[in-house]
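Have a look at the structure below before the remarks.
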Amino acid sequence: QVQLVESGGGLVQAGGSLRLSCAASGLTFSSYAMAWFRQAPGKEREFAAAISWTGIGTYYANSTKGRFTISRDNARNMVFLQMNSLKPEDTAVYYCAADFFGGLNSQTDEYDYWGQGTQVTVSS
């Protein structure tokens with residue numbers, strides 16, 4: 001079955017960096033657009049970044065643009081999120097998602113598969 005497994009979360013001070021990874025299995029990875037979403041306590045899940053199935057196109061939320069970078073390695077079936085200049089408001093559970101031959105979508109209901117999430121906590 002399809003599995004998306006996130007890793008790399010943790011506790012970091014404001015201004016610091018983290019790199020999240022998502023390992024995919026059970027799907028033809030290069031046929032899926034991939035994205036990162038996040039959900040803070042008491043809030044709805046929100047879009048952070050997306051990357052096309054070729055890796056050429058990327059799309060960011062206004063809140064992450066210029067600080068976060070999404071990338072993928074189709075040979076290793078992995079997608080990454082490099083997060084720099086982290087702020088306390090970036091604190092959330094971060095989820096990896098896959099969209100079969102999708103575009104650079106920011107809506108949760110466009111995505112076919114989801115991981116279990118990894119916690120990112122940014123202290124002030």
Side-chain angles (χ1 to χ4, degrees):
Q1 77 267 22
V2 175
Q3 279 195 312
L4 302 177
V5 180
E6 301 94 337
S7 62
L11 174 64
V12 64
Q13 288 189 331
S17 298
L18 281 175
R19 187 187 193 220
L20 305 184
S21 300
C22 172
S25 60
L27 75 173
T28 305
F29 184 70
S30 59
S31 297
Y32 286 78
M34 300 297 295
W36 289 93
F37 287 76
R38 62 188 186 181
Q39 188 166 17
K43 295 189 176 181
E44 292 189 352
R45 193 168 297 189
E46 67 172 12
F47 172 76
I51 189 166
S52 65
W53 45 280
T54 63
I56 294 174
T58 57
Y59 177 53
Y60 296 92
N62 287 337
S63 59
T64 62
K65 194 179 303 180
R67 300 187 298 123
F68 291 10
T69 302
I70 188 170
S71 61
R72 66 189 295 161
D73 183 341
N74 285 353
R76 296 168 59 199
N77 287 7
M78 296 191 73
V79 63
F80 307 98
L81 186 68
Q82 177 66 44
M83 306 186 294
N84 298 329
S85 302
L86 283 161
K87 305 174 182 180
E89 51 263 45
D90 294 317
T91 295
V93 177
Y94 283 71
Y95 297 91
C96 172
D99 181 9
F100 182 62
F101 275 128
L104 298 172
N105 293 309
S106 62
Q107 302 300 311
T108 56
D109 57 7
E110 295 289 340
Y111 288 82
D112 304 297
Y113 301 106
W114 292 84
Q116 293 300 304
T118 186
Q119 176 71 47
V120 171
T121 303
V122 184
S123 63
S124 56

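Just so it is clear, the structure is predicted and the values come from calculations on it, not from any experiment.
Side-chain contact check for Tyr32 versus Tyr113: some heavy-atom pair is nearer than 4.5 Å. Within the 4.5 Å cutoff, the side chain of Thr118 has no heavy atoms near those of the Val93 side chain. Counting heavy atoms from C-beta on, the side chains of Glu6 and Leu20 never come closer than 4.5 Å. Between Asp90 and Met83, the closest side-chain pair of non-hydrogen atoms is not below 4.5 Å. Side-chain contact between Glu44 and Thr108 is absent, with no heavy-atom pair separated by less than 4.5 Å.
The side-chain contact (heavy atoms from CB on, under 4.5 Å) search around Thr121 returns Leu11, Thr91, Gln119, not counting sequence neighbours.
With rounding to the nearest 0.5 angstrom, the CE atom of Met34 is 11.5 Å from the OG atom of Ser71. Here the OG-CZ distance, from Ser7 to Arg19, works out to 9.5 Å after rounding to the nearest 0.5 Å. Taking CD of Gln1 as the start and OG of Ser25 as the end, the distance is 7.5 Å to the nearest 0.5 Å.
Pairing each heavy atom of Phe29 with each of Val79, the nearest pair is CZ-N, 4.2 Å. Looking at every heavy atom in both residues, Ala33 comes nearest to Arg72 through CA-NH1, 4.0 Å. Asn74 and Ser30 make their closest contact through ND2-CB, 3.7 Å (heavy atoms, listed as atom of the first residue, atom of the second, distance). Ala61 approaches Phe47 most closely through the heavy-atom pair CB-O, 3.4 Å. The two atoms that bring Asn84 and Ser17 nearest to each other are OD1-OG, 2.9 Å, heavy atoms only. For the pair Tyr60 and Ile70, the tightest heavy-atom approach, listed with the atom from each and the gap, is OH-N, 2.9 Å.
Note on Tyr59 and Phe100: separate hydrophobic clusters, where clusters join Ile, Leu, Val, Met, Phe, Trp and Tyr whose side-chain heavy atoms are under 4.5 Å apart, directly or indirectly. Follow the hydrophobic side-chain contacts under 4.5 Å out from Phe68 and you never reach Tyr111; the two are in separate clusters. Val120 and Val5 are assigned to two separate hydrophobic clusters, defined by single-linkage of ILVMFWY side chains at heavy-atom distances under 4.5 Å. The same ILVMFWY cluster, assembled from side-chain heavy atoms under 4.5 Å apart, contains both Ile51 and Leu4. Residues Ile56 and Leu104 are members of separate hydrophobic clusters, defined by side-chain heavy-atom contacts under 4.5 angstrom among Ile, Leu, Val, Met, Phe, Trp and Tyr.
Relative orientation of the Trp114 and Tyr95 rings is perpendicular, given thresholds of 30° and 60° on the angle between their planes.
Dense packing is recorded around CG of Asp109, with more than 12 heavy atoms of other residues, nucleotides or ligands lying under 6.0 Å away.
Residue pairs meeting the side chain to side chain donor-acceptor pair (under 3.5 Å) criterion with at least one member in residues 45-55, sequence neighbours excluded, are Arg38-Glu46, Gln39-Arg45, Ser52-Thr54.
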**Test log, rule side chain to side chain contact (heavy atoms under 4.5 Å, CB included), inputs Thr69 and Leu81** = CA-CA 6 Å; Thr69 302; Leu81 186 68; over 6 Å; no

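Grouped with Met78 in one hydrophobic cluster are Phe80, the linkage being side-chain heavy-atom contacts under 4.5 Å among Ile, Leu, Val, Met, Phe, Trp and Tyr residues.
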